[in-house]
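See below for the structure under consideration.
Every heavy atom of this structure was used, including side-chain atoms; hydrogens, water molecules and symmetry mates were not.
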Amino acid sequence: MKVLLTGATGFIGNAILTELRGKGFEIIPVGGPHSSRSDILSCDISNREAVMELSSVGKVDAVVHAAGLAHRLKGGIPQDFNRTNVDGVRNVAELAVQLEAKRLVLLSSVLVYGKAAEKAIEPLGEQAPCVPTDAYGQSKLDGEKAAREVCEKNSVALSVLRLVPTIGEGGKGNFAKLIRVIDRGQFIWVGKGENRKSMIYVGDVARAVRAVLKAGNTKPGIFNVAASPITMNELVAEIARTLGKKVPAARIPAVPVSLSLRVLAHIPFAGSIGGLSDTIAKWLSDEVYSTAKIEREIGFKPKTSLAVAAERDVTYYMKNAGSNSRK
């Protein structure tokens, strides 16, 4: 199967490239405009003319779109998100048509659901309404819509994989921040730690992409992709164990902390209090997503437990960024 893969130099894209190569796939990898690898094409996906130039690679069976502007801890400019995550998706979908691809696999995010998972009693399924709460989530939802418009008009099967937070060697985001905080002895328990989180190992995301491609063109649709959830207690314990650190046994009740931060966030010149309040609220909440659909229709189940994924991520941190962070 001949597959064009965008975002091939990124955290997730590189894992997909590794997973697909040598396993019955002929991969045409495409990186960002500043990619310097000789074995990977470079392209700015927000530039339609540049994307259309990739049609010179000839016909392909499928396109996997893993490129995009990632969620930033300190927010982002809506225009930047839209240019990459909406216009870029539309450009790549139109490229798929030009390449006569039968399938487009689009990597999206569960952030399109907004805060629905925090309020749900049961694991959140794909049928849940999408009400994004930030520019990134909105751009991912709009990107899905852009891809759907192009694919439906041109009879290209579209599979959207909505990913939960992805962890693994070299990952970034809130999980990487949690590792650093525990490593530096700055971690403070807020709440009981019994709330559960859905996450997934980057290698399993790559396996999910391969499973969707192998399923053929009869299984288009939207699929949540996640591993079995883990509690914050279990997650913090695994990080601390791998780091060889101890976390404080004392715990601060969640309710007074949350209320205090909300009040402070409305005070002028409060700085980053609002962001801190959102971060703590996120870590205190249950966020669990149903994967019944991808298991039923594609036959995909993650192989890597989140405890093992956390250990691998922390081990990578210790070998690389960890040594510098302790100076």
Side-chain angles (χ1 to χ4, degrees), residues 7 9-19 66-74 107-113 117-118 123-124 136-137 140 161-184 186-187 193 195-211 223-245 247 279-280 282-291 294 300-322 325:
T9 56
F11 173 54
I12 294 176
N14 186 62
I16 296 172
L17 178 61
T18 301
E19 176 67 26
L69 185 59
H71 181 55
R72 299 171 181 172
L73 293 176
K74 295 183 180 180
L107 270 60
S108 187
S109 167
V110 293
L111 288 180
V112 300
Y113 298 117
E118 299 176 18
L124 199 71
Y136 172 78
K140 298 301 283 187
L161 304 186
R162 289 177 176 168
L163 309 181
V164 293
T166 302
I167 64 176
E169 300 87 340
K172 299 178 180 179
N174 281 330
F175 186 74
K177 183 177 180 180
L178 180 61
I179 294 173
R180 291 194 300 272
V181 167
I182 294 175
D183 182 37
R184 296 170 181 174
Q186 300 170 341
F187 180 79
N195 55 307
R196 299 181 301 158
K197 295 290 180 183
S198 283
M199 295 186 291
I200 193 166
Y201 179 56
V202 66
D204 278 326
V205 171
R207 288 185 55 251
V209 170
R210 179 161 67 93
F223 303 95
N224 291 339
V225 182
S228 297
I230 189 171
T231 68
M232 283 298 296
N233 280 329
E234 294 168 331
L235 189 63
V236 170
E238 187 58 44
I239 294 173
R241 184 194 67 78
T242 307
L243 286 171
K245 300 282 185 174
V247 295
T279 298
I280 290 179
K282 191 171 185 64
W283 280 110
L284 287 173
S285 64
D286 276 294
E287 289 182 278
V288 180
Y289 297 86
S290 172
T291 58
I294 195 169
F300 170 75
K301 290 185 178 182
K303 286 184 176 180
T304 310
S305 71
L306 290 179
V308 171
E311 180 182 18
R312 292 177 181 175
D313 202 335
V314 175
T315 299
Y316 179 91
Y317 163 85
M318 293 171 69
K319 291 180 179 179
N320 296 275
S325 72

Have Tyr289 and Arg162 got a donor and an acceptor in their side chains that come within less than 3.5 Å? no

Arg207, Lys303, Glu169 screened by side-chain hydrogen bond (donor to acceptor under 3.5 Å, both in side chains) with Tyr201, the one that passes: Glu169

Evaluate the side-chain proximity of [Y] to [X]: yes if any heavy-atom separation is below 4.5 Å, no if none is.
X: Leu124; Y: Val110; result: no
X: Val314; Y: Ile182; result: no
X: Leu178; Y: Phe187; result: yes

So which atom in [X] and which in [Y] form the shortest heavy-atom distance, rounded to 0.1 Å?
X: Lys197; Y: Leu306; result: O-CD1, 4.1 Å
X: Asp204; Y: Pro302; result: OD2-CB, 3.5 Å
X: Ser290; Y: Pro123; result: N-CB, 3.7 Å
X: Ala208; Y: Val225; result: CB-CG1, 4.0 Å
X: Ile230; Y: Glu234; result: CG1-OE1, 3.2 Å
X: Ile16; Y: Ala66; result: CD1-CB, 4.1 Å

At what distance, to the nearest 0.5 angstrom, does [atom1] of [X] lie from [atom2] of [Y]?
X: Asn233; Y: Arg196; atom1: CG; atom2: CZ; result: 13.0 Å
X: Phe300; Y: Arg210; atom1: CZ; atom2: CZ; result: 9.5 Å
X: Asp183; Y: Lys245; atom1: CG; atom2: NZ; result: 5.0 Å
X: Ile200; Y: Ile167; atom1: CD1; atom2: CD1; result: 9.5 Å

Using atom types as modelled and distance alone, determine if a side-chain donor or acceptor of Asn224 lies under 3.5 Å from a backbone N or O of Thr291. no

Is it true that a side-chain atom of Lys140 and a backbone atom of Ser108 form a donor plus acceptor pair closer than 3.5 Å? no

As a quick check of understanding, evaluate side-chain contact (heavy atoms from CB on, under 4.5 Å) for Arg241 and Glu311, giving each step before the final call. CA-CA 9 Å; Arg241 184 194 67 78; Glu311 180 182 18; 3.4 Å; yes

Residue from Ile179, Ile239, Thr242 passing side chain to side chain contact (heavy atoms under 4.5 Å, CB included) with Asp313: Ile179

